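Every chain is numbered from 1, with letters handed out A, B, ... down the list of sequences. Computed from a predicted model, the values in this text were never measured in an experiment.
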Amino acid sequence: MESRYNFRVVEKKWRQRWEESGAFLTTEDSEKEKFYCLVMFPYPSGNLHMGHVRNYAIGDVVARFYRMQGYNVLNPMGWDAFGLPAENAAIKNHIPPAEWTWANINKMREQMKAMGLSYDWSREVATCSPDYYRWTQWLFLRLYHHGLAYKKRQAVNWCPSCATVLADEQVVAGCCERCDSEVTKKDLEQWFFRITAYAERLLDDLEKLKGWPEKVKLMQENWIGRSRGVEVKFTAENGEEISVFTTRPDTIFGVSYIVLAPEHPLVEELIKGKAEAGRVREFAARVKKQSEIERTSAEGEKEGVFTGAFAANPLSGEQVPIWVANYVLLEYGTGAVMGVPAHDQRDLEFARKYHLAVKVVIQPLGDDLDPAAMKEAYAAPGVMVNSGVFNGLDSEVARLKISGCISEKGLGEEKINYRLRDWLISRQRYWGAPIPIIYCDRCGVVPVPEEDLPVLLPENVAFEPTGESPLLKAEEFLKTTCPRCGAPARRDTDTIDTFVCSSWYFLRYCSPGESGRSYDLNKARYWMPVDQYIGGVEHAILHLMYSRFITKVLYDQGLAPVDEPFTNLLTQGMVLKDGAKMSKSKGNVVSPEEIIDNYGADTARLFILFAAPPERDLEWSDEAVDGAYRFINRVWRLVYHLLPEIKGNQTQWEAGALGAAEKAVRRVIHRTIQRVGDDIKTRFNFNTAVSAIMELTNALYHYTEGTEQSSGHSGVLREGAAALITLLAPFTPHLAEELWEAAGGEGSVHDQRWPEVDEEALQEDEITIVVQINGKVRDHVRIPVELKGKEMEDAALARSRVKELIKGKEVARVISVPGKLVNLVVRQSSSKK
RNA sequence: GCGGGAGUGGCGGAACUGGCAGACGCGCUGGAUUUAGGAUCCAGUGGGUUAACCGUAAGGGUUCAAAUCCCUUCUCCCGCACCA
């Protein structure tokens, strides 16, 4: 063993050995309990960034830890390899997307390997490989055949820069999630997945996900957005029925107008022949042109026009004017709402602006609302007024009664609405899995038969900077024959949203080599669900909800062994530098390659795990990296100096015969074993786990330097060194492996069992407790551990310092907490005494 | 606006069920070693007139005891954004 640690040599040596020995290859083993540890696979941009390093370092600690706990651990890695950057590179540099992507994959795989991650590389998958996307296409067909994939024409989100459509989830604040350009609307015929059919289950099953952060569940809950209410039919003067959705049927007598979305199909009927027709059409045209942002921004001015038509309130019979306004969305509910200005803030604002009636139908207790003076709508419960037979009722009661009354009389029905929309999965891009659909003039839409999959992406295509998908011009791809009638037909030129590719990869990892099926259900049954999933919060809605949806669909068809894919979820924070996310434009990027070159993978891993708990953002610090590096060298030196004591030494000791210093060290050793295990397993607090290991290192240093040798000395050192090395193994695997070998350990440190806590070693005879006077710490006292109540109190009162401080005072009360403290509550003694 | 999270030394962060605030690390100060620097080792390091006291965003409360529980306010971060 060298006296100085040479990470370059050592890290390389062990990576080679692990690879040669297949140390991390995994197979199903019914004897062992499985643990599926998964980090979100990356898009192969070609370069690992610090966020990746953090993600994989965390995952690797978890995987290695559970392996040492005796679990059969699946820890795979792969590539979310379809996507726009490959196409952009093709346009810019004339490199085919496949070539570019595979080159990046090879580069990133090397970078990952340099981190010393314990992946089973034999299970690697890439979504752009035909062996994989064949099954993504198969998945599409499964949905298609079950009525869960359908095509429809509608105004969809269009990103002009990516020249493709986007799902609602991929539009962030009116901009493209990927490139930030402003999203516009385009009328197109597109493929959708009927995720709304699963809205209720996606919502209800959130409850099953005990191991998910509340925050993520809440985000999904809000996104799905369930609301219970009633659809009520108002009748227009021309006899047309207008359905409106409301969650507040109790306010129905307060309706003073009806509003339709400008795109509502009934608008044209209503304005036919009316003087207002021109103005309404003009208004509707203008609103449609508004971008998503203008239209939906909260501060946006509510605007509307009167249609000239009226409708009858189904309960009161009252005639109310029908308006068209920009704040009503066609896609939600029925695309029409009832306006109740007195009890809804938006309606009040609208009513004030256009001088519409305000009618109070719910009075707060002990107050009297004045409709003419109201500045804020009253949305809380109260007593019903101006509501016919419902007057005097509590509004909460009235809500149910009115709702019941409406459905009984056939005026409408109770309904649950979701904000979740169907998932638009068509993309007008080349670099994705082609949608396996054929259009035949005779047969119409024909799915590609499963045995004809994959529909291969043509490789001989030209990329031009027009933004148009090259598939549109790929004649040999386009032209095909109808599988049903054999007539000439053409293929769908769109590709499948890459989020579909990534919503089943965790199943593919269970049996990645399968060529005759998407995956082996028995193997999936063994491995699924993922026990620990780790990734960024940015996927809280998109990827995580899509994966849940796809898993449920497969489950319902008997194809997946579970209906929720991820048991536990850890969402890691970002890596920041100078308080901001690392980005090229800010020039605050720290390259993982450089850090690994200069300090080694173990240092990089240790720093990142130590600097902050995983859910929180992590501030990069060059100095702290030095600190991690120093610690690693400190451990090396410690073991180097202990080598003569520990190597080949088999001295045993009688526990009772140990000296006080030896007992103290053993206590630290076993407390550390306990703390590190707890921190990893129950709290993911790798930072405190590392700090505990640092304390152990310090304790061993102090023990070797400051103590005379006594009984059990070498044995205790050996125990301490072994614990230190094994506890470090998940964090700094190369260092641990080298030290393990140097210290004469058998086999690989990563095959060792996690050390057991010796409860006896934790026992203390004497402890220090705190003595408080009136809640302030005034003294400490050593007492036998088992002392309680009165005895503790006596020990405290026996202290001279305590005596001094309470002299002439009366002890009114004593609180003693065994093992912790004694608190004496004193006051000036009364003169009567 | 609604929903969620956070606020602790010079810095990153500890403090698990209310029980010694600041573990561990960085930085800093002093010392040892060294021709020197670096590296290493040891000691110290919340403020404070060095001892009372004050200190966990601010103010109030509950309690023998509050970073931790309750109320009010402020700041920052994240998500949703007219969802009827």
Side-chain angles (χ1 to χ4, degrees), chain A residues 4 172-174 213-223 225-227 229 244-248 251 259 293 295-302 325-329 331-340 344-347 349-350 417-421 537-538 540-541 573-574 606-607 610-613 615-628 630-631 633-634 637 675 678-679 682-683 685 687-695 697-698 701-702 705-706 768-780 812-817 819-826:
Chain A
R4 281 184 59 102
V172 177
E214 286 305 315
K215 175 195 166 97
V216 172
K217 287 192 274 188
L218 212 79
M219 279 165 72
Q220 292 207 357
E221 193 181 318
N222 292 337
W223 190 265
R226 168 158 63 193
S227 58
V244 302
F245 175 72
T246 179
T247 54
R248 293 291 306 273
T251 64
V259 199
I293 317 179
R295 173 99 181 252
T296 60
S297 87
E299 276 80 54
E301 186 74 359
K302 291 176 189 26
N326 62 350
Y327 74 95
V328 177
L329 309 170
E331 306 87 55
Y332 184 77
T334 61
V337 302
M338 56 187 217
V340 188
D344 183 287
Q345 189 58 30
R346 290 160 307 184
D347 295 345
E349 282 164 29
F350 192 75
N417 253 306
Y418 296 92
R419 297 168 72 160
L420 182 71
R421 314 277 160 80
V537 227
E538 64 273 21
I541 295 169
M574 286 187 297
L606 191 72
F607 159 71
F610 179 60
E615 311 82 6
R616 267 207 243 179
D617 287 349
L618 181 154
E619 175 70 27
W620 185 267
S621 154
D622 292 331
E623 291 79 17
V625 174
D626 283 328
R630 275 206 292 264
F631 172 69
N633 283 285
R634 187 167 153 84
R637 282 191 305 272
R675 279 173 67 187
D678 281 354
D679 281 351
T682 63
R683 308 198 306 157
N685 280 8
N687 55 332
T688 50
V690 172
S691 81
I693 298 174
M694 288 172 167
E695 284 178 69
T697 308
N698 293 342
Y701 259 102
H702 289 137
E705 282 172 11
T768 305
I769 61 157
V770 166
V771 183
Q772 294 184 337
I773 293 170
N774 290 337
K776 292 194 165 146
V777 181
R778 285 291 181 259
D779 202 2
H780 297 265
R813 196 177 160 191
V814 182
I815 290 99
S816 34
V817 182
K820 291 251 160 73
L821 57 74
V822 173
N823 187 11
L824 305 167
V825 183
V826 304

With sequence neighbours excluded, residues passing side chain to side chain contact (heavy atoms under 4.5 Å, CB included) with [X]:
| X | result |
| --- | --- |
| A:R4 | none |
| A:R421 | A:D168, A:E331, A:Y332 |
| A:D779 | A:V771, A:R799, A:R801, A:V802 |

Rounded to the nearest Å, what distance is computed from the [atom1] atom of residue [X] to the [atom2] atom of nucleotide [N]?
| X | N | atom1 | atom2 | result |
| --- | --- | --- | --- | --- |
| A:I693 | B:rA23 | CD1 | P | 19 Å |
| A:F631 | B:rG12 | CZ | P | 22 Å |
| A:R4 | B:rU40 | CZ | C1' | 10 Å |
| A:R419 | B:rG3 | CZ | C1' | 11 Å |
| A:R630 | B:rG38 | CZ | P | 12 Å |
| A:N687 | B:rA14 | CG | P | 5 Å |
| A:R616 | B:rG5 | CZ | P | 14 Å |
| A:F610 | B:rA23 | CZ | P | 11 Å |

[N] and [M]: how far apart are their [atom1] atoms, nearest whole angstrom?
| N | M | atom1 | answer |
| --- | --- | --- | --- |
| B:rA57 | B:rG5 | C1' | 15 Å |
| B:rG79 | B:rU29 | C1' | 46 Å |
| B:rC41 | B:rU34 | C1' | 13 Å |
| B:rG60 | B:rA51 | P | 30 Å |
| B:rG1 | B:rG9 | C1' | 37 Å |
| B:rU17 | B:rG12 | C1' | 27 Å |
| B:rA65 | B:rA21 | P | 14 Å |
| B:rG48 | B:rU40 | P | 30 Å |

Among residues at least two apart in sequence or on other chains, which ones pass salt bridge (Lys or Arg N to Asp or Glu O under 4.0 Å) with [X]?
| X | answer |
| --- | --- |
| A:E695 | A:R675 |
| A:R778 | none |
| A:R248 | A:D250 |
| A:E349 | A:K302 |

Backbone N/O of A:F350 and side chain of A:Y327: donor-acceptor pair under 3.5 Å: no

query: Between A:N685 and A:T688, is there a donor-acceptor pair closer than 3.5 Å when you use the side chain of the first and the backbone of the second?
result: no

Which part of the nucleic acid, if any, lies within contact of [X], taking any heavy atom under 4.0 Å across all strands shown: a base, the sugar-phosphate backbone alone, or nothing?
| X | result |
| --- | --- |
| A:S227 | sugar-phosphate |
| A:E623 | sugar-phosphate |
| A:N698 | sugar-phosphate |
| A:G333 | nothing |
| A:V777 | sugar-phosphate |
| A:T246 | sugar-phosphate |
| A:D617 | sugar-phosphate |
| A:R226 | nothing |

Chi class for B:rG9: syn within 90° of 0, otherwise anti: syn

query: Quick one: on RNA chain B, does A:K776 or A:A612 contact a more 5' nucleotide (nearest heavy atom)?
result: A:A612

- request: Nearest-nucleotide wise, let me know which of A:N417 and A:I541 is further upstream toward the 5' end of RNA chain B.
  value: A:I541

task: Using the criterion of both pairing distances under 3.5 Å for Watson-Crick and G-U wobble pairs, give all stems of 3 or more consecutive pairs involving RNA chain B.
output: B:1-7 with B:74-80, B:10-12 with B:24-26, B:27-32 with B:40-45, B:57-61 with B:69-73

statement: So CZ of A:R419 and CG of A:L329: to nearest 0.5 Å the spacing works out to 9.5 Å

message: So if I define the base as every atom that isn't primed, P, OP1 or OP2, how would nucleotides 41-50 of chain B read as a B/S/- string at a heavy-atom cutoff under 4.0 Å?
response: SS--------

- request: Just jot down the ring pair (Phe, Tyr, Trp, His ring centres under 6.0 Å) partners of A:F245, sequence neighbours excluded, or say none.
  value: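 Ring pair (Phe, Tyr, Trp, His ring centres under 6.0 Å) check on A:F245 returns nothing, list empty.
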
query: What pairs with A:W620 under ring pair (Phe, Tyr, Trp, His ring centres under 6.0 Å), at least two apart in sequence or on another chain?
result: A:F607

query: side-chain contact (heavy atoms from CB on, under 4.5 Å) with A:V328: which of A:V259, A:T334, A:V244?
result: A:V259

Of all the nucleotides listed ([options]), which has the minimum atom distance to the side chain of [X]?
| X | options | result |
| --- | --- | --- |
| A:Y327 | B:rA23, B:rA39, B:rC82 | B:rC82 |
| A:R683 | B:rA15, B:rG19, B:rC26 | B:rA15 |
| A:M219 | B:rA84, B:rG79, B:rA81 | B:rG79 |

Check nucleotides 62-69 of chain B against the protein and report each pair of N or O atoms closer than 3.5 Å, with its distance, or say if there are none.
| residue | atom | partner | partner atom | Å |
| --- | --- | --- | --- | --- |
| B:rC64 | OP1 | A:R813 | NH1 | 2.9 |
| B:rC64 | O2' | A:N823 | ND2 | 3.2 |
| B:rC64 | O2 | A:N823 | ND2 | 2.6 |

